[in-house]
J.: 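One structure follows; several queries about it will come next.
This structure is a prediction, so every number in the text was calculated from the model and none was measured. Convention: sequence-line order gives letters A, B, ...; per-chain numbering from 1.
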Amino acid sequence: MSKVLIYTENFDGKFKKSNFEAASYGAEIAKQLGGEATALSIGNVADDELKLLGAYGVRKVLNFKNDSFADLDNQAYASVVAKAVEKEGAEIVIFSGSTTAKAIAPRVSVKLKAGMVFATIGLPKNLSPLTVPKKVFHGKAFADVVINSNIKIISLAQNSFGLVENATGIIIEAFDADVDTTFKTKVTNVEKATGKVLLNDADIIVSGGRGLKGAENWPPLEELAEILGAATACSRPVSDEGWRPHSEHVGQTGKIVAPNLYFALGISGAIQHLAGVSSSKVIVAVNTDIEAPVFQAADYGIIGDVQKILPKLNEAFRKFKSEN
Amino acid sequence: MKILVCISNVPDTTTKIKLTGDRSAVDLANVQWIINPWDELALTRALELKEGSGGKIDKVTVISVGDKAAEPTMRKALAIGADDAIRVDTAPGDAYAVAHEVSEAIKNENYDIVLCGIESSDYNGSAMGGMLSEFLEVPSVSSVSKLEIEGDLVKVNREIPGGFEVVEPQLPFVAIVQKGITKEPRIPSMRGIMMARKKPLKVVAAAAADALTSFTGYTPPQAKAACKMIDAENVGELVELLHNEAKII
């Protein structure tokens, strides 16, 4: 029977939507192959949390509980994943599109001599040979990629498949892989903002560009983000100028994002910026220049000075939120 | 100490991507080639580290897998400041094949730090650096936005959602770097361009590594529907459309 193994990643013991999306995707492929979907959890995750995977078609969770795996070490984590694949006899391994997946999956690929496709955007177009679609040149073209090895690794681009509920009776199985736990990387410090909506988790992103003219003009944009429960972001010139931190830069060389709703406020829409946001479901653009390329990518547009329009947007969205 | 920077030769990021008539490939005729932007950041950081090391880092080498057409890009890396270059003489296959070729080419060279960009701007694979570390059986840290050397210790920042971790890897190791690793990529000076002509560019035979994936066909992106314009005096209409038409709020 064909088996699909889904790598899940916890954040302080909790799963995120991207894990449930990867689970939904893996379960669907398993169904198409007439097989079963098993998930792998590394770290310390409570059984109640693990059981949540059962809502998305996962039949079994291999629970690798080991306190020395509290911090990420790519080598050690990849070893555990490879052992789990071997134990289950899995033919397909699914990762989310997260940075951790990016760090581990390539190592697993080499361990298992398994061909890998990063950031696929949908279900396989063909099961034999396994063929999956992905964006290339940051969305300037789409490609079909065939994986020719016996074991195949696919990572799923965020927000490209969605959640598919399919409740199963899920089994939790303790998994104790015999791997080297002497890590060759050591985490010595962690700095993390709390209480902020994170860019990669956000359903809505409010992003500002040069049109805002200076760091001091960000409060109304932050206000809009707060009203909508959105994350804040910026274009490259803004982070280069130091108006906003580099971690907020979205675009080809910054973060690639795929929210449901993206506001490009005072951003002209250089090709590199659009490459990083083109997977957004809906794009709203505000710019003074009707010729700005951002309007080619946007669904809704307003011509005008973003500094004058932002207060109006805040008023309109606040009114909407109070009524809905 | 020696640093290796892996370089991918990619079409300029502003290139309009055209497909061949049968859509079996991307038409790369008349394309301007550049150093992959993330690799360029990695190279810049490697040179900064060397300059600040007081002679402790004696060499920055760049390596690329490609045919002769990749050499202008490698010369550019030398002009920016790399000391020497290695070209593995074969057309690059997938990330697996490229990582395998690089590992074979350098396995006897003992580089202390290997830097790779987090992805290439062409096929967006995000895999080569991690694969290389596994072929070399050395530790790797991904999403690296800062890299410092303090005495014998290497400290890197690994970006995580909402912040970063400080990670100390044992050497040798592979750092997979992203934006933040340096401020701006360096551009070659006239003197650098002159000197690059005389710097060693070694060509090594390929190990004939197998690719495990292949691209079978391409499609252009679908044209987007025209943008709906909303009067700046009536932004309430935007809220209404997002709610009732797009059903997104």
J.: Please look at K321(A) and chain B and tell me whether the side chain, the backbone, both or neither of the residue comes under 4.5 angstrom of a heavy atom of that chain.
T.: neither
J.: What closest approach, in Å, do Y96(B) and V110(A) show between heavy atoms, and which atom pair accounts for it?
T.: CE1-CA, 3.9 Å
J.: Does any part of the side chain of S121(B), heavy atoms only, come nearer than 4.5 Å to the side chain of H138(A), both counted from C-beta?
T.: yes
J.: Against chain A, label E168(B) side chain, backbone, both or neither, depending on which of its atoms sit under 4.5 Å from a heavy atom there.
T.: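 Both backbone and side chain.
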J.: When you compare the side chain of V235(B) with that of I309(A), does any pair of heavy atoms fall below 4.5 Å?
T.: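 They are in side-chain contact.
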J.: Given side chains that start at C-beta, do those of H243(B) and N324(A) come closer than 4.5 Å, heavy atoms only?
T.: yes
J.: With chain A, which of M128(B), K228(B), E245(B) has the greatest number of heavy-atom pairs at distances under 4.5 Å?
T.: K228(B)
J.: Treating K224(B) as the side-chain partner and A297(A) as the backbone partner, does any N or O pair qualify as donor plus acceptor under 3.5 Å?
T.: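 Yes.
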J.: I need the D210(B) CG to K113(A) NZ distance, nearest 0.5 Å.
T.: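 Here the rounded value is 5.0 Å.
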J.: Measure from the side-chain N and O atoms of K134(A) to the backbone N and O of Y123(B), and report whether any donor-acceptor pair falls under 3.5 Å.
T.: yes
J.: Search all heavy atoms of S109(A) against all heavy atoms of M131(B) and return the closest pair with its distance.
T.: OG-CE, 3.2 Å
J.: When rounded to the nearest 0.5 angstrom, what distance separates CZ in R158(B) from CG in L72(A)?
T.: 4.0 Å
J.: What is the distance from atom CG of D94(B) to atom CE of M116(A), rounded to the nearest 0.5 Å?
T.: 10.5 Å
J.: Indicate yes or no: at least one non-hydrogen side-chain atom of T99(A) is less than 4.5 angstrom from one of E159(B).
T.: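 Heavy-atom side-chain distance check fails, nothing below 4.5 Å.
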J.: Any chance you could measure T213(B), atom OG1, to I153(A), atom CD1, to the nearest 0.5 Å?
T.: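 If we round to the nearest 0.5 Å, T213(B):OG1 and I153(A):CD1 are 11.5 Å apart.
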J.: Drop me the distance from S214(B)'s OG to N148(A)'s CG, to the nearest 0.5 angstrom.
T.: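 Reported value, rounded in 0.5 Å steps: 4.5 Å.
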J.: Distance-only, no hydrogens or angles: does the K102(A) side chain make a donor-acceptor pair with backbone N or O of E119(B) under 3.5 Å?
T.: no
J.: Would a 4.5 Å heavy-atom cut-off, applied to side chains only, mark D240(A) and E184(B) as touching?
T.: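 Yes - at least one pair of side-chain heavy atoms lies under 4.5 Å apart.
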J.: Between K179(B) and S239(A), is there a side-chain heavy-atom distance shorter than 4.5 Å?
T.: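 S239(A) vs K179(B): side chains touch.
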J.: Please state whether the side chain, the backbone, both or neither of I176(B) comes within less than 4.5 Å of a heavy atom of chain A.
T.: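 I176(B) has no heavy atom closer than 4.5 Å to chain A.
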J.: Locate the shortest heavy-atom distance separating G125(B) from F118(A); write the atom from each residue and the value.
T.: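 Shortest heavy-atom contact: O-CB, 3.0 Å.
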J.: Under 4.5 Å heavy-atom distance to chain B, tell me which part of L198(A) shows up: side chain, backbone, both or neither.
T.: side chain
J.: At a heavy-atom separation under 4.5 Å, does K125(A) approach chain B through its side chain, its backbone, both, or neither?
T.: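 Neither part.
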J.: Can you tell me how far the CG atom of D203(A) sits from the CD1 atom of I248(B), to the nearest 0.5 Å?
T.: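 So the gap between those two atoms works out to 9.0 Å.
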J.: Side-chain contact test, heavy atoms from C-beta onward, threshold under 4.5 Å: evaluate it for S140(B) versus R107(A) and give yes or no.
T.: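 SC-SC contact between S140(B) and R107(A) confirmed.
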J.: Taking every heavy-atom pair that is under 4.5 Å apart, which of T185(A), V146(A), I302(A), V190(A) has the most such pairs with chain B?
T.: V146(A)
J.: Got L242(B) and F317(A) here, is their nearest side-chain heavy-atom distance under 4.5 Å?
T.: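 Yes, side chains in contact.
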J.: Counting only non-hydrogen atoms closer than 4.5 Å, does K111(A) touch chain B with its backbone (N, CA, C, O), its side chain (CB onward), both, or neither?
T.: both
J.: Do you know which of V145(A), I204(A), N200(A) has the most heavy-atom pairs with chain B at a distance under 4.5 angstrom?
T.: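 Highest number of pairs under 4.5 Å: V145(A).
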J.: I'd like to know if the side chain of D144(A) pairs up with that of T216(B) as donor and acceptor (distance under 3.5 Å, no hydrogens or angles considered).
T.: no
J.: Is the backbone N or O of I160(B) less than 3.5 Å from a side-chain atom of K192(A), with the two atoms forming a donor-acceptor pair by type?
T.: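 No, because the side chain of K192(A) does not come within donor-acceptor range (under 3.5 Å) of the backbone of I160(B).
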